[in-house]
Amino acid sequence: MKRISPFILIVMLVILGGCNQKDNAPLSPDSGKLTPQDMPKAVQGLVDQFSPSDSALYESENLLTNVTPPSLFDTSYDIYSVTFLWGHLLNISNLNNGPIIDWTGSLNINAIGAIAPVMVIDFERGQDSLIKQNIPTSIGWVSYTNGDFDGLSCLVFVKRGIYYYAPVWLTFATTPFTIQYDFSQLERLSAYYKIDSNNSVAVHARRIWPHHCPEGIMVGQWIKTDMSGDSGTFNGPWLDENGNLTGLFAGTFGTTADGKRIFNGWVSHPILTVIIAYMHGTFYYDDPRDCALCGTGFGKFKGLFKYANKPGVGAVAGEIKEESIGSLKMSLNGAWRTFCPHSTSDNSAAGN
């Protein structure tokens, strides 16, 4: 048998090693040629688990972004809930059985609007993270998988009534996989893409359709314990949109040890001694006057309320204003609105 020189043997080993690594690593296909496949039942279970319901979206008071998105009640935007899962979505109990895959990437829209991350999915501390958001229409992340999966759920806001000279897309871009969707596809989407023998991407999206729901007005008093405004009480009538009395609200506000200003309260029946809803939220003072003693003369509050004996959640928001300079009593004027879910588990298939 012909003897192979040491140099040639080393070269062959390097080539074979490279081939073996390529076989185990995820492909970098032309994403335009990938078509969605039938979603495996196990992956569908993950999609159902990590796609937030409408109520969960409205109860997510603190979005994972430093860019303030539009309100979920702002009807000048079309709003979509979008969830991506990527990595080893099948046989997920068998961890650390493959190469480390870099899924670092971005999600962006070429339209007037915003993307607001709601939650990260299975991000490992010190390894995976969101990148600080610098513009409202794009988010980025660092993500690595090794026999497991990561993901991201977010809200996408697209301004209505705008004429665009080019098609409007939502673009999901990573090294292993990139895909674009026009927003008609995101009305109702459930898609599964097999990247290689181990890795895949699952996408679930739906449009959130706001309904006209019970809403009304809050008028009352915000009473500070002292001029610092760090604590106190509030109360007043809970009126419907026509000004009819439907309840009485009351509660307390205070400041936590780390300086966060919060309030907690309730809404009671106007006649019976029955609590019909609970509320909580945050407040802050924003006094425009150049006055050392007037720093808590104006402010704003916002939060959520949840019905006590029936399903339903809503939002409260408003302003507080001192009745006279130096007074501990401030007037409270705000609004409340119940959110009515359109659908909370619509996973109808509609591929790319």
Side-chain angles (χ1 to χ4, degrees), residues 24-28 31 43 46-53 56-70 72 79-110 113-157 169-181 186 191-193 195-196 198-205 256 258-260 282:
N24 293 327
L27 305 176
S28 297
S31 298
V43 178
L46 292 176
V47 169
D48 293 342
Q49 178 182 352
F50 291 109
S51 297
S53 67
L57 291 174
Y58 275 77
E59 290 178 326
S60 297
E61 184 179 359
N62 298 313
L63 297 175
L64 306 177
T65 175
N66 56 297
V67 175
T68 303
L72 283 168
I79 307 174
Y80 303 83
S81 174
V82 183
T83 300
F84 287 88
L85 298 174
W86 57 81
H88 200 152
L89 300 179
L90 293 172
N91 302 319
I92 58 176
S93 61
N94 187 14
L95 302 179
N96 302 317
N97 63 344
I100 297 176
I101 310 301
D102 184 357
W103 293 91
T104 300
S106 64
L107 187 69
N108 65 78
I109 57 174
N110 60 333
I115 300 177
V118 175
M119 66 176 178
V120 294
I121 300 167
D122 205 33
F123 274 27
E124 285 79 22
R125 185 183 297 273
Q127 173 180 289
D128 312 311
S129 63
L130 286 175
I131 299 173
K132 184 177 180 181
Q133 191 170 1
N134 295 316
I135 59 175
T137 55
S138 179
I139 59 174
W141 59 85
V142 175
S143 167
Y144 296 92
T145 62
N146 181 16
D148 62 341
F149 68 91
D150 289 339
L152 178 68
S153 184
C154 59
L155 288 167
V156 180
F157 300 80
W169 302 95
L170 174 75
T171 303
F172 172 85
T174 65
T175 299
F177 179 67
T178 295
I179 193 75
Q180 284 187 323
Y181 296 105
L186 300 182
Y192 175 75
Y193 303 90
I195 309 304
D196 62 16
N198 292 320
N199 293 277
S200 54
V201 174
V203 190
H204 179 258
T256 63
D258 59 358
K260 185 177 182 180
T282 61

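In this structure, the side chains of Phe149 and Leu46 come closer than 4.5 Å at one or more pairs of heavy atoms. Residues Tyr192 and Val47 fail the side-chain proximity criterion, which asks for heavy atoms closer than 4.5 Å. Within the 4.5 Å cutoff, no side-chain heavy atoms of Pro69 are placed close to those of Leu155. For the pair Leu152 and Pro117, the minimum side-chain heavy-atom distance is below 4.5 Å. The side-chain heavy atoms of Ile115 and Val82, taken from C-beta on, include no pair separated by under 4.5 Å. In this structure, Lys260 and Thr282 have side chains that are in contact, with non-hydrogen atoms separated by less than 4.5 Å.
For the side chain to side chain donor-acceptor pair (under 3.5 Å) test, no residue two or more places apart in sequence or in another chain qualifies with Asn134. Partners of Ser129 by side chain to side chain contact (heavy atoms under 4.5 Å, CB included), not counting sequence neighbours, listed by chain and number: Val142. The side chain to side chain donor-acceptor pair (under 3.5 Å) check on Thr104 picks up Asp102, with sequence neighbours excluded. In this structure Phe172 satisfies the ring pair (Phe, Tyr, Trp, His ring centres under 6.0 Å) test together with Phe84, Trp86, Trp141, sequence neighbours excluded. Thr256 meets the side chain to side chain donor-acceptor pair (under 3.5 Å) test with Asp258; sequence neighbours excluded. With sequence neighbours excluded, the residues satisfying side chain to side chain donor-acceptor pair (under 3.5 Å) with Thr83 are Ser153.
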Let me have the donor-acceptor pairs involving side chains of residues 121-128, under 3.5 Å, with sequence neighbours excluded, atom names and distances please.
residue : atom : partner : partner atom : Å
Glu124  : OE1  : Gln127  : NE2          : 3.3
Gln127  : NE2  : Tyr144  : O            : 3.0
Asp128  : OD1  : Tyr144  : N            : 2.9
Asp128  : OD2  : Glu124  : N            : 2.9

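Of all non-hydrogen atoms in Leu107 and Cys154, the two that sit nearest each other are CD2-SG, 3.5 Å. The shortest heavy-atom contact between Gly87 and Thr145 is CA-OG1, 4.2 Å. Nearest heavy-atom pair, Leu89 versus Ser200, reported as atom, atom and distance to 0.1 Å: CD1-OG, 3.4 Å. In terms of heavy atoms, Gly113 sits closest to Thr137 at O-CG2, 3.4 Å.
Here the CG-CE distance, from Leu130 to Met119, works out to 12.5 Å after rounding to the nearest 0.5 Å. Note that the CD1 atom of Ile79 and the CG atom of Leu186 stand 14.0 Å from one another [nearest 0.5 Å]. Separation of atoms CZ (Phe177) and CD1 (Ile195) is listed at 5.0 Å; rounding is to 0.5 Å. Taking CG from Asp48 and NE2 from His204, the interatomic distance works out to 7.5 Å, rounded to the nearest 0.5 Å.
Checked by atom type and distance alone, the side chain of Asn198 never pairs as donor or acceptor with a backbone atom of His88 at under 3.5 Å.
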- Task: For Ile109 and Leu170, run side chain to side chain contact (heavy atoms under 4.5 Å, CB included): C-alpha distance rounded to whole Å, both residues' side-chain angles, the deciding distance at 0.1 Å, then the answer.
- Result: CA-CA 5 Å; Ile109 57 174; Leu170 174 75; 3.6 Å; yes
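Partner Trp103 forms a side-chain contact (heavy atoms from CB on, under 4.5 Å) with one of Thr175, Asp150, Val201 and no other, that one being Val201.
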